[in-house]
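Basis for what follows: all heavy atoms, side chains included, without hydrogens, waters or symmetry-related copies.
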Amino acid sequence: MNEEVVKKISEETETQEQVSEKKLLTTWLIFSIAKKKYAVKSGDVLEIIRDASVYKLPFMPPYIEGVMNRRGDPFTVINPRQLIGDEDTTPPQEPLFLILKRDDDQLSIHISDILFFAEMAESDLNLIPGNNDEGFFIGTLGYGGEEIPAINTNAFELLIRKDLGSA
């Protein structure tokens, strides 16, 4: 009888260990915009482009820098500093862009630098309570003693559609 109980306890312990090892991990791209760190899910990024020219468009909202040509396709370039509450809204000087993975739009975010990729458990993301799809941040990531804001890439598309009247 005691051997059966001990065996059952050890089997349950092994099962719990296997479940805890199977935590869902998400890979995040940590980057900077004017020396401030931000994160985006790496699955939301199609490509990182350096040294692309941005062509200004007239009569656009101030957060739209213009468009860039990526293999013959135009991509809207967003200056996130205009949207995320930076005091200085000047676009980054570095010609570095995150091409976002979108089904129906072609968007890019103008950033300053790529810092690193990090695999983190879902529990490392502190969600903003009551946040909706239009919020530019989904929460913060606890990494290395820092809280890094995690950007909601869908919010950029929603804002453009609303501002340009195609929502």
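- Contact annotation: the side chain of Glu94 never approaches that of Asp113 to less than 4.5 Å [non-hydrogen atoms, C-beta and beyond].
- Looking at heavy atoms from C-beta onward, Tyr38 lies in side-chain contact with Ile84 at the 4.5 angstrom threshold.
- Between the side chain of Asn152 and the backbone N or O of Asn154 there is at least one donor-acceptor pair closer than 3.5 Å.
- Counting only heavy atoms from C-beta outward, the side chains of Leu125 and Trp28 approach each other to under 4.5 Å.
- Panel note: side chain Asn79, backbone Thr89; a donor-acceptor pair is recorded below 3.5 Å.
- You'll find the side chain of Ile78 reaches within 4.5 Å of the side chain of Ile160, heavy atoms only.
- Under the 4.5 Å side-chain criterion, counting only non-hydrogen atoms from C-beta, Phe31 is not in contact with Lys37.
- Among Ile48, Val77, Val54, the single residue meeting the side chain to side chain contact (heavy atoms under 4.5 Å, CB included) criterion with Ser108 is Val77.
- For Ser112 (side chain) and Ala34 (main-chain N/O), a donor-acceptor pair under 3.5 Å exists by modelled atom type.
- In this structure, Arg70 and Glu47 have side chains that are in contact, with non-hydrogen atoms separated by less than 4.5 Å.
- With a 6.0 Å radius and a threshold of 12 heavy atoms from other residues, nucleotides or ligands, Glu119 has its CD atom above the threshold.
- Here the CG-CE distance, from Leu24 to Met120, works out to 15.0 Å after rounding to the nearest 0.5 Å.
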